[in-house]
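Given the structure is predicted, the values throughout are model-derived calculations rather than measurements. To find a chain, count down the sequence lines: A is the first, B the second, and so on, and within it residues start at 1.
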Number of protein chains: 2
Amino acid sequence: MSVAIENFVKAIYKNGKRDHNDTKPGNIAKELGISNAAATDMAKKLATKDLLHYEKYQELKLTDKGTKMALNVVRKHRLWEALLFKLFDMSLHDIHREAELLEHQTSDLLANKISEYLGNPKFDPHGDPIPNANGEITTVDTSIPLSNTEEGKTYTISRLMSDDKEFFDFCAQNGLKYGNSVLISKQFSNNKMTQILIHNNTILLNQDFTSIIYVNETN
Amino acid sequence: MSVAIENFVKAIYKNGKRDHNDTKPGNIAKELGISNAAATDMAKKLATKDLLHYEKYQELKLTDKGTKMALNVVRKHRLWEALLFKLFDMSLHDIHREAELLEHQTSDLLANKISEYLGNPKFDPHGDPIPNANGEITTVDTSIPLSNTEEGKTYTISRLMSDDKEFFDFCAQNGLKYGNSVLISKQFSNNKMTQILIHNNTILLNQDFTSIIYVNETN
DNA sequence: AAAAATTTTTAAGCTTACTTAAAAATAGTT
DNA sequence: AACTATTTTTAAGTAAGCTTAAAAATTTTT
């Protein structure tokens with residue numbers, strides 16, 4: 001299966017996990033930086049390969065086979081991120097970019113070797129869960145976006161759901177890192193802004209950021 | 001530049017280093033597993049990109065630009081081999097196969113990180129020299145094939161120049177490994193066979209193998 | 001030096017993964 | 001409910017990297 005196909009099913013998988021749940025060709029096209037026409041073509045083709053269900057004008061739905069393929073690629077991506085993060089001093093954004101390419105050129109054998117070397121980690125450096133060799137995510141995700149937190153409570157950063165360089169640069173500068181603690185000092189009523197205290201610094205975040213930073217309540 | 005192009009210049013580079021020195025399209029085609037016609041087409045195309053000099057029916061000669069590209073790919077290949085060899089318990093053949101794919105999806109930045117992590121090694125696990133970030137091979141190679149050794153002398157294995165699984169399996173079984181010592185117990189007159197002593201085992205090697213196992217005389 | 005064998009080149013054609021442009025259907029707005 | 005805007009689909013076309021078949025040139029053998 002080609003890189004284009006792997007990226008296509010991965011994009012459907014990722015979009016299907018999001019709030020909007022828009023997996024129509026146009027959204028997948030946007031995710032992949034290709035034309036809508038190309039996405040429609042590809043969707044039809046992958047339907048014949050039993051990777052997804054295609055019905056005109058409807059959302060694209062991965063079959064079990066398609067989901068398995070997507071999870072296999074996601075697994076390799078996250079294992080690479082975990083490995084590069086451990087071995088090298090590189091920004092999360094750079095690591096992501098390398099993993100984006102390496103994920104398609106990695107045998108299952110190598111993926112298993114990486115996993116084993118790392119002690120079969122359950123999460124990558126963004127806090128995203130790493131599917132196991134069977135394509136299963138066994139961890140239960142109880143995290144919520146920062147935008148949904150309560151004023152005065154303390155949380156632990158569990159996921160940074162982004163590919164964006166500016167976002168990661170901002171995070172790196174402000175100690176927003178997987179595992180770190182944040183206190184919600186002020187939650188503005190409309191949830192459009194959140195003020196947090198981290199490392200004795202007060203930061204004001206807008207919804208662009210509070211919707212992709214996920215946290216768990218600290219016990 | 002595409003994977004196909006990187007592999008093409010790499011094949012010319014490798015063939016140019018061998019005894020036969022046959023870099024006509026047919027030989028490159030054989031190396032890459034494509035048709036002669038495809039190789040001729042590609043050669044013409046790469047000439048327009050100033051990667052090689054093309055003259056009908058003549059050997060293909062890399063330009064400086066083409067050589068630089070080839071060495072950059074070779075560098076990444078050998079760095080990956082060195083890294084995978086260090087981190088994981090995998091056969092040299094499997095490592096080679098993974099590196100064959102990863103080499104094309106590796107930024108210069110990542111290559112430098114791998115190199116740094118490994119202490120800027122000068123050789124990969126086969127004993128092949130690793131070009132530096134400028135595409136220069138600074139080491140001097142004094143090694144000779146086993147077929148050219150002298151009876152009674154002791155040598156150190158310096159390079160195993162092959163991609164072949166059977167060869168590597170044989171090597172692994174018999175302790176034929178980069179850095180190991182061999183005594184030439186009998187060199188048959190026509191050089192078609194060589195009998196060596198390694199790890200207290202006597203092995204008879206034919207020329208297929210003695211021409212790709214390189215050694216240095218032990219001081 | 002001719003004849004035979006091989007290699008290289010040319011030519012035509014295929015598949016993949018795109019593109020743009022226009023038609024068709026859906027979704028949003030008044 | 002009708003009009004508008006957007007999205008999806010269809011259709012036609014392109015570039016990369018191959019293929020096979022046949023012509024042209026080179027190389028090898030006798």
Going by salt bridge (Lys or Arg N to Asp or Glu O under 4.0 Å), name the residues that satisfy it together with [X], two or more places apart in sequence or in a different chain.
| X | result |
| --- | --- |
| A/E31 | A/K14, A/R18 |
| A/D141 | A/R159 |
| A/K10 | A/E100, A/E103 |
| B/R97 | B/D94 |

So which of residues 33-47 of chain A are in contact with DNA chain D, with a heavy-atom cut-off of under 4.0 Å?
->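 Contacting residues: A/N36, A/A37, A/T40, A/K44.
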What pairs with A/T139 under side-chain hydrogen bond (donor to acceptor under 3.5 Å, both in side chains), at least two apart in sequence or on another chain?
->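 For A/T139 there are no side-chain hydrogen bond (donor to acceptor under 3.5 Å, both in side chains) partners, ignoring immediate neighbours.
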Partner set under side-chain hydrogen bond (donor to acceptor under 3.5 Å, both in side chains) for A/H93, not counting sequence neighbours | none
Between N or O atoms, less than 3.5 Å apart, protein on one side and nucleotides 3-6 of chain C on the other: list the pairs.
none

List in chain and number order the residues that pass ring pair (Phe, Tyr, Trp, His ring centres under 6.0 Å) with B/F167, two or more places apart in sequence or in another chain; answer none if no residue qualifies.
-> B/F209
Which pairs with one or both residues in residues 64-76 of chain B pass salt bridge (Lys or Arg N to Asp or Glu O under 4.0 Å), sequence neighbours excluded?
-> B/K76-B/D108
Contacts table for residues 40-56 of chain A: side-chain donor-acceptor under 3.5 angstrom, sequence neighbours left out:
from  : atom 1 : to    : atom 2 : distance (Å)
A/T40 : OG1    : A/N36 : O      : 3.2
A/T48 : OG1    : A/K45 : O      : 2.6

Are there any protein N/O atoms within less than 3.5 Å of an N/O atom in nucleotides 24-27 of chain C, and if so, which ones and at what distance?
from   : atom 1 : to    : atom 2 : distance (Å)
C/dA25 : O4'    : A/Y57 : OH     : 3.2
C/dA27 : OP1    : A/K24 : NZ     : 3.4

